[in-house]
Trainee: 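Mind having a look at this structure? Questions to follow.
We're numbering straight along the sequence, starting at 1. All values below were derived from every heavy atom in this structure, side-chain atoms included, with hydrogens, water molecules and symmetry-related copies excluded. Atoms within a ligand are numbered from 1 in the order they appear, just like the ligands themselves.
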Amino acid sequence: MPKKYENLNKPLKIGSVTIKNRYIVAPMDTAPSFLGPDGEFTENGIEYFVRRAQGGFGLIYSGGQQIDDVVDKNPKTILKNPGNYIAAGQELNARISAYGAKMFLQLCFGLGRNLPGLHAPSELPVWLNPQMTSPALTREQIQTKIDLFVQVAGVAKQAGFAGVDVHALHWGHLLDQFAMSITNKRTDEYGGSLENRLRITRELVERVKETCGKDFPVTIRLSLRQFMKDFDKASFSGEEEVGRTLEESIEIAKLLESYGYDALSVDSGNLDAYYYACPPSYMESGYMIALAEAVKKEVSIPILVGSRMDVPDLAEQAIAEGKMDGVVIGRPSIADPDYANKVLRDQKEKIRPCLACNQGCIHRYLTVGSVCCAVNPEMGRGITYRMSPALAKKHIVIVGGGVAGMEAARTCALRGHRVTLFEKSGQLGGNLIPAGKHAFKKEVGALNDWYQTELKELPVEIRRNEERPRTRLAVSGQMLSFWQQAPRP
Ligand SMILES: Cc1cc2nc3c(=O)[nH]c(=O)nc-3n(C[C@H](O)[C@H](O)[C@H](O)COP(=O)(O)O)c2cc1C
Ligand code: SF4
């Protein structure tokens, strides 16, 4: 391995578990097709995670999995059929470990006011539906949820997961609603002081360790600043914060360490301040480092940092300077499963850039319920849409060197066809050229650069400054890419 990213390449200890490098796939709930009726990983889901292990990530988090089918009804809960869950989990973990990767299962304590019909700490306005109210949890219901969580952690261990992640003191989900004073108006032992607001978070780690053993790692996501002005209102500057301040986060981080958590996975924002939670391209890469550093100074457990951590040089430097320990990569790992290997082998120019557009992933997730990607057509369809050699090799003529034509040319060449690409102007890129001109859309320009680097290395004949040939067999770039996306038998 080149020396350039030697800190990113160093192993990291999380509790008793050693991770082979500093690159971590962020927890992301992705395709419904990844989970079967009992919440077990399907073949498609297993393929998705194995592909990221093959791509060099040392640690992989699952997306948040539901634990509760009693207090809040969730369709796919692990306890419905633990035998099924364990069988699929063991296969997943065996295949991931073949690449030297480890996987932690993220367990979702609840979403509270973020979805209609679910329980919250106190009666609260539902996110984006203020005319609706979430009912408050009773003390008995809280205990039921904790019991279910602990049982599921036991199943996770049997399924071969190397640890669990508690979801989450972030994005304003249920535990976060307990932790923030604006959403917790309780007067019992779960409300009031910071320690009371964190009581469930404490019980979860203590009880999981009792059940799974002290050396079974438990991590937690923690938003270091909420950037929230009011319900459903963001404070972009953070000046009118009614959520969590950095000062309070530092106190929380110290408490979490004392409760027994093995690492903190930090980000910022919540659903009310969505701009920070799933940052678009307008947010500067690396903005989390300064926040993470403030917490890192105060605790000795590893600090894993996510959200726009897509510039490897910034991450390498921050680890070298002791400001953080691990890099949590979300959307860029959807866009390019080989992200980690490409950085660690010093081949950054080969990374297919995530546009931070949020269109295929989080927007689609919140509106349609499944995830695809603007730049990675294989996302979520790892089995049905895998790049495979064509049985009959053909000469394919593509007309138009815009993004669709370039993707079609790349795919056809990778599948073994001979490809000629006609572009009537002198430049490939089409609409990517004007779209990538703004500084805040630099990822779009980077995508154009990436296509051109890829096409140079593939057997694609590029004919610039030429109109379409006079043949009925030529297909336009857009037609071909449409045809390629059609489902295959
Ligand atoms: C489709 C999608 C689903 C997500 N689901 C989860 C989840 O289940 N649990 C979680 O902690 N974060 C979830 N996140 C947040 C990501 O882990 C991450 O914090 C966010 O994408 C910002 O990081 P990035 O800039 O590296 O993408 C999700 C994000 C996306 C895009
Ligand atoms: S849809 Fe856009 S933001 Fe989401 S992973 Fe793909 S390129 Fe990135």
Trainee: Counting from 1, what ligand 1 atoms have a heavy atom of Arg331 closer than 4.0 Å?
Mentor: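 What qualifies from ligand 1 is 21 (O), 24 (P), 25 (O), 26 (O), 27 (O), 31 (C).
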Trainee: Among Ile14, Val25, Val17, find the one that has a side chain to side chain contact (heavy atoms under 4.5 Å, CB included) with Leu59.
Mentor: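 Only one of Ile14, Val25, Val17 forms a side chain to side chain contact (heavy atoms under 4.5 Å, CB included) with Leu59, namely Ile14.
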Trainee: Measuring from the heavy atoms of Tyr61, does anything fall under 4.0 Å of ligand 1?
Mentor: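 The answer is no, since Tyr61 has no heavy atom less than 4.0 Å from ligand 1.
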Trainee: Between Thr30 and ligand 1, is there a nitrogen or oxygen pair with a distance under 3.5 Å?
Mentor: no
Trainee: Where is the nearest protein heavy atom to atom 29 (C) of ligand 1: which residue, which atom, and how far?
Mentor: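 It is Met28 CG, 3.6 Å.
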Trainee: Which ligand 1 atoms are under 4.0 Å away from a heavy-atom of Val371?
Mentor: 1 (C)
Trainee: Of Leu222, Val299, Val166, which is the lone residue that meets side chain to side chain contact (heavy atoms under 4.5 Å, CB included) with Tyr261?
Mentor: Val166
Trainee: Note the single closest protein heavy atom to atom 15 (C) of ligand 1, along with its residue, its atom name and the distance in Å.
Mentor: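 Its nearest protein heavy-atom neighbour is Trp171 CZ2, 3.4 Å.
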Trainee: Looking only at distance, does Met309 have an N or O less than 3.5 Å from an N or O of ligand 1?
Mentor: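 No, Met309 has no N/O under 3.5 Å of an N/O on ligand 1.
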Trainee: For His170, take its heavy atoms, then give the atoms of ligand 1 lying under 4.0 Å from any of them.
Mentor: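 So the answer, numbered in order with elements, is 10 (C), 11 (O), 12 (N).
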Trainee: What atoms of ligand 2 come within less than 4.0 Å of a heavy atom belonging to Leu355?
Mentor: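 So the answer, numbered in order with elements, is 7 (S), 8 (Fe).
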Trainee: At a 4.0 Å cut-off, with the gap strictly under it, does some heavy atom of Ser307 reach an atom of ligand 1?
Mentor: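 Flag set, Ser307 near ligand 1.
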Trainee: So if I count the atoms of ligand 1 from 1 in the order they appear, which ones are less than 4.0 Å from some heavy atom of Gln106?
Mentor: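 Listed by number with element: 7 (C), 8 (O), 9 (N), 10 (C), 11 (O).
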Trainee: Once rounded to the nearest 0.5 Å, what's the spacing between atom CD of Glu47 and atom CZ of Arg381?
Mentor: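 Nearest 0.5 Å value for the CD-CZ distance: 15.0 Å.
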Trainee: Kindly assign one of parallel, tilted or perpendicular to the pair Phe440 and Tyr282, based on the angle between their ring planes and the thresholds 30° and 60°.
Mentor: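 Ring orientation of Phe440 relative to Tyr282: tilted.
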Trainee: Show which atoms of ligand 1 fall inside a sub-4.0 Å distance from at least one heavy-atom site of Ala26.
Mentor: 17 (O)
Trainee: Can you list the atoms of ligand 2 that are under 4.0 Å from a heavy atom of Asn358?
Mentor: 2 (Fe), 3 (S)
Trainee: Would you mind checking which non-hydrogen protein atom is closest to atom 13 (C) of ligand 1, with the distance to 0.1 Å?
Mentor: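 So the nearest neighbour among protein heavy atoms is Pro27 O, 2.9 Å.
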Trainee: Using the six-membered ring of Phe109, assess whether NZ or CZ of Lys145 lies under 6.0 Å from its centre and within 45 degrees of the ring axis.
Mentor: yes
Trainee: Only one of Asp232, Asp176, Asp72 passes salt bridge (Lys or Arg N to Asp or Glu O under 4.0 Å) with Arg113; say which it is.
Mentor: Asp232
Trainee: Within 2.8 Å of atom 4 (Fe) of ligand 2, is there any N, O or S atom belonging to Cys354?
Mentor: no
Trainee: Give a yes or no on whether Asn431 atom CG has more than 12 heavy-atom contacts from other residues, nucleotides or ligands under 6.0 Å away.
Mentor: no
Trainee: So if I apply the side chain to side chain contact (heavy atoms under 4.5 Å, CB included) rule between Leu204 and each of Val164, Leu175, Ile220, Val218, which one comes out positive?
Mentor: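 It is Leu175, the one option of Val164, Leu175, Ile220, Val218 that forms the side chain to side chain contact (heavy atoms under 4.5 Å, CB included) with Leu204.
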Trainee: Out of all atoms in ligand 1, which are within 4.0 Å of some heavy atom of His167? Include the element for each.
Mentor: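 Taking each heavy atom of His167 in turn, ligand 1 has 9 (N), 10 (C), 11 (O) under 4.0 Å.
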Trainee: Would you kindly specify which portion of Pro332 sits under 4.0 Å from ligand 2, judged on non-hydrogen atoms: side chain, backbone, both or neither?
Mentor: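 Neither; no heavy atom under 4.0 Å.
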Trainee: Got the closest protein heavy atom to atom 3 (C) of ligand 1, with its distance?
Mentor: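 Here the nearest protein heavy atom works out to Asp29 O, 3.3 Å.
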Trainee: Give the residue and atom name of whichever protein heavy atom lies nearest to atom 4 (Fe) of ligand 2, and the separation in Å to one decimal.
Mentor: Cys361 SG, 2.4 Å
Trainee: Could you tell me whether the side chain of Thr77 and the main chain of Leu79 form a donor-acceptor pair under 3.5 Å?
Mentor: no
Trainee: I need the nearest protein heavy-atom contact for atom 2 (Fe) of ligand 2: residue, atom name and distance, please.
Mentor: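 Here the closest protein heavy atom is Cys357 SG, 2.4 Å.
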Trainee: List every atom of ligand 2 that sits less than 4.0 Å from any heavy atom of Ala374, numbering the atoms from 1 in the order shown and giving each element.
Mentor: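 So the atoms of ligand 2 that pass are 1 (S), 6 (Fe).
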Trainee: Considering only heavy atoms of Gly63, which atoms of ligand 1 have at least one such atom less than 4.0 Å away?
Mentor: 8 (O)
Trainee: Quick check against the 3.5 Å criterion: does Gln90 have a side-chain atom that pairs as donor or acceptor with the backbone of Gln158?
Mentor: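 A pair under 3.5 Å: yes.
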Trainee: Is Arg22 reaching over with its side chain to a backbone N or O of Lys10, donor-acceptor style, under 3.5 angstrom?
Mentor: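 Indeed, once roles are kept as given, a pair shorter than 3.5 Å links the two residues.
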Trainee: Is there an N/O/S atom in Cys373 at a distance below 2.8 Å from atom 6 (Fe) of ligand 2?
Mentor: yes
Trainee: Check for a donor-acceptor pair, side chain of Tyr276 on one end and backbone N or O of Met228 on the other, with a separation under 3.5 Å.
Mentor: no
Trainee: Among protein heavy atoms, which lies nearest atom 20 (C) of ligand 1, and at what distance?
Mentor: Ala277 O, 4.0 Å
Trainee: Using a plain distance cutoff, I'd like to know if Arg308 has any nitrogen or oxygen under 3.5 Å from a nitrogen or oxygen of ligand 1.
Mentor: yes
Trainee: Using modelled atom types and a 3.5 Å cut-off, is there a donor and acceptor pairing between side-chain atoms of Arg352 and backbone atoms of Ala335?
Mentor: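 Present.
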Trainee: How far is atom 26 (O) of ligand 1 from its nearest protein heavy atom, and which residue and atom name does that atom have?
Mentor: Gly330 N, 2.8 Å
Trainee: Among all protein heavy atoms in this structure, tell me which lies nearest to atom 30 (C) of ligand 1, with the distance rounded to 0.1 Å.
Mentor: Ile362 CD1, 3.6 Å
Trainee: To check your reading of the model: name the closest protein heavy atom to atom 18 (C) of ligand 1, its residue, and the distance in Å.
Mentor: Arg221 NH1, 4.0 Å
Trainee: Check whether Asn184 reaches the backbone of Tyr190 with its side chain - one donor and one acceptor, N or O, closer than 3.5 Å.
Mentor: yes
Trainee: Do the side chain of Arg244 and the main chain of Leu169 share a donor and acceptor less than 3.5 angstrom apart?
Mentor: yes
Trainee: Between Ser62 and Phe104, is there a side-chain heavy-atom distance shorter than 4.5 Å?
Mentor: no
Trainee: Hey, does Gly64 come in under 3.5 Å of ligand 1, counting only N/O atoms on both sides?
Mentor: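 Looking only at distances, the answer is yes, because the N/O contact criterion of under 3.5 Å is met.
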Trainee: With no hydrogens and no angle check, is any side-chain donor or acceptor of Gln65 less than 3.5 Å from a backbone partner on Ile78?
Mentor: no
